[in-house]
Amino acid sequence: MIAITRRRMLAGAVAAAAVPALSRLAGAAPAPVVLEARERKRTLPGCSGPSALWTYEDRWPTVVRVPRGEPFAATLRNGLAEHSTIHWHGVRVPFAMDGVPWVTQDPVLPGRSFDYRFAPPDPGTFFFHPHCNTMEALSRGMAGVLIVEDPRDADRFDVDHVIALIDWRVRPDGSFDAFTTPAGAARAGTFGDLRTANGQVRPQVVVPPGARVRLRIVNLDPARAPMLDVAGGRAMVIATDGNACAPFPATGWRLGPAMRADVALVAPAAGRVTFADGWAAQPVPLFDVVVAGARRGPPGRAGTLRLPPPELPEPDLANATLVEMALLAGQSDPEIERWARETGMSADALCLSQRIFWSINRKAWPGNGHERLPPPLAELQRGKSYVIEFFNGTPHIHPMHLHGHTFRVLGATGRTLPPHWADTVMVQPKERLRIALVAGEPGNWMLHCHIVEHQETGMMGYLRVS
Ligand code: C2O
Ligand code: CU
């Protein structure tokens with residue numbers, strides 16, 4: 001009952017994007033969600049003509065809600081002119097469902113489909129996107145939000161609202177600018193100039209006074225790393241990358257590409273709470289929570305807005321093996337180039353024509369496909385504990401993402417981090433940052449920077465679990 005009330009309120013209170021787009025009807029058999037990847041025209045705010053977005057359905061952003069632990073089925077129908085896949089970012093899926101072409105599955109060719117089947121083990125805020133030509137795909141909006149609902153927190157919030165952040169590289173006529181530039185790829189990334197939340201410029205989330213509000217903020221952008229800056233109310237981060245944490249203030253928390261924060265607040269009696277990106281000379285407002293209407297529920301019922309603790313495999317730090325990952329500038333390997341010359345192998349066949357700007361442990365794996373599998377960055381054994389220490393030897397941030405695992409962020413040199421779990425962690429320039437995890441299912445699990453131009457120009461590799 002409570003859930004239905006909450007849904008109805010969602011639908012009534014806010015823009016279309018708030019409505020759970022593809023949610024399962026209560027009690028109905030789990031019919032597969034159909035995600036039809038294709039170009040759809042949509043006029044972005046302030047543009048005189050439509051833009052050629054790539055989306056999974058007519059509405060943007062796509063939001064899929066599924067119950068934790070229950071079988072979930074999604075069919076990707078590829079209506080694009082190129083192959084595609086779906087990677088379920090942050091979800092501890094079976095290896096064959098991880099959506100990495102050539103690594104976990106065959107690419108899904110144009111006109112073909114693929115069925116993804118898994119039972120999401122952890123509740124939280126996740127997202128999904130293709131794992132090929134990712135810079136172009138994400139820049140055209142090809143991503144969706146996956147919410148795994150936790151029956152344990154069903155009545156904790158009155159409003160549960162998704163905020164998907166992305167900046168578009170769009171010209172006034174609606175056509176796109178080059179998605180990637182060498183100057184951006186070699187530095188902090190190529191940024192969009194039209195900054196949006198749920199495809200709108202500074203949208204309003206309307207909530208009643210006193211409402212317990214949960215905002216699921218998802219950074220879909222392939223380059224931008226906003227720092228939350230909240231004015232007009234007190235907002236706490238209650239989950240990082242979907243995983244519950246001890247609440248800490250949202251202001252000052254920086255969301256690298258692919259990172260998510262669930263933010264909780266109790267709506268004030270009146271007025272608005274403004275969320276801005278404080279990582280700028282002048283904070284850039286992203287969206288507002290606007291208080292309107294009659295008070296909802298008895299005041300003070302909020303209690304704690306803390307979520308039930310995560311239930312994840314706990315790494316055994318006393319017996320963990322240390323693995324070091326140096327994030328550095330990269331160059332193509334002269335050995336391989338010489339070998340290519342001598343054997344007459346074309347540079348293209350080896351992806352040597354790819355620009356290389358970045359590397360992990362001095363190995364670069366460039367490209368926007370994954371046909372040529374290099375040796376793994378490290379070999380792990382299932383069920384054993386590992387501490388990975390990232391060292392960032394570059395002047396830029398690197399939000400590092402590991403597939404198929406949720407890790408504990410242990411800490412970083414030179415700053416204090418709240419204890420939290422994540423699947424993507426931002427490594428600051430010149431720092432050492434440690435994470436800990438229990439190696440999961442056997443497979444070649446991708447590890448890469450989620451500034452997608454960094455990934456595609458070398459900062460990509462994988463961990464082999466056997
Ligand atoms: Cu969201 Cu390998 O990526
Ligand atoms: Cu990077």
Side-chain angles (χ1 to χ4, degrees), residues 84-93 95 97-105 124-135 137-139 142-146 164-166 180 184-191 218-225 241-242 254-260 325-330 355-361 364-370 377 390-407 422-431 433 443-463:
S84 197
T85 58
I86 293 180
H87 167 56
W88 307 91
H89 183 119
V91 183
R92 295 188 301 133
V93 292
F95 184 66
M97 296 289 117
D98 196 42
V100 183
W102 289 289
V103 177
T104 72
Q105 67 169 102
T125 304
F126 303 96
F127 78 115
F128 52 95
H129 60 82
H131 220 279
C132 33
N133 195 15
T134 316
M135 192 59 196
L138 275 185
S139 301
M142 181 109 267
V145 175
L146 178 72
L165 301 176
I166 195 164
T180 178
R187 298 186 182 88
T190 302
F191 295 94
V218 184
N219 185 6
L220 298 179
D221 202 85
R224 185 84 65 180
D241 292 352
R254 203 168 170 208
L255 280 184
M259 291 170 69
R260 291 90 64 209
M325 296 282 159
L327 311 175
L328 300 169
R355 275 198 203 94
I356 295 179
F357 294 126
W358 307 100
S359 66
I360 304 177
N361 286 348
W365 183 16
N368 59 23
H370 316 293
L377 291 167
F390 292 106
F391 166 66
N392 182 351
T394 80
H396 300 287
I397 58 160
H398 299 294
M400 298 303 295
H401 171 48
L402 173 62
H403 286 209
H405 294 74
T406 305
F407 48 77
D423 53 63
T424 308
V425 67
M426 198 164 75
V427 190
Q428 306 270 15
K430 306 303 176 192
E431 80 177 358
L433 181 147
N444 295 329
W445 295 101
M446 304 292 290
L447 172 67
H448 61 85
C449 182
H450 224 287
I451 291 179
V452 176
E453 289 166 289
H454 292 183
Q455 173 192 2
E456 293 185 347
T457 58
M459 198 171 278
M460 174 168 73
Y462 66 92
L463 304 181

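Every number for a ligand or one of its atoms is a count from 1 in the order of the listing. By convention here, the first residue in the shown sequence is residue 1.
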Legend entry - Trp445 side-chain N/O to Phe95 backbone N/O, donor-acceptor pair under 3.5 Å: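 Between the backbone of Phe95 and the side chain of Trp445 there is no qualifying donor-acceptor contact (under 3.5 Å).
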Inset, instruction - Measure from the side-chain N and O atoms of Glu453 to the backbone N and O of Ala223, and report whether any donor-acceptor pair falls under 3.5 Å. - result: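 Not a single qualifying donor-acceptor pair exists.
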Legend entry - For Ser139, side-chain contact (heavy atoms from CB on, under 4.5 Å) partners two or more places apart: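 With neighbours one apart ignored, the set is Met135, Phe179, Pro222.
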Inset, instruction - Tell me, please, which residues at least two apart from Arg224 pass salt bridge (charged side-chain N to carboxylate O under 4.0 Å, His left out). - result: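 Per chain and number, Arg224 pairs via salt bridge (charged side-chain N to carboxylate O under 4.0 Å, His left out) with Asp167.
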Residues [X] and [Y]: side-chain donor-acceptor under 3.5 angstrom:
| X | Y | value |
| --- | --- | --- |
| Asp423 | His405 | no |
| Thr85 | Gln105 | no |
| His131 | Thr104 | no |

Legend entry - Number of protein N, O or S atoms [distance to atom 2 (Cu) of ligand 1 under 2.8 Å]: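 Near atom 2 (Cu) of ligand 1, the number of protein N, O or S atoms below 2.8 Å is 3.
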Legend entry - 2.8 Å cut-off (strict), protein N, O or S atoms about the Cu ion (ligand 2):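 For the Cu ion (ligand 2), the figure is 3.
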Inset, instruction - Examine His454 together with His448 and report whether their ring centres are nearer than 6.0 Å. - result: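 That pair fails the under 6.0 Å test.
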Legend entry - Between His401 and His403, ring centroids under 6.0 Å: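 Ring centres of His403 and His401 closer than 6.0 Å.
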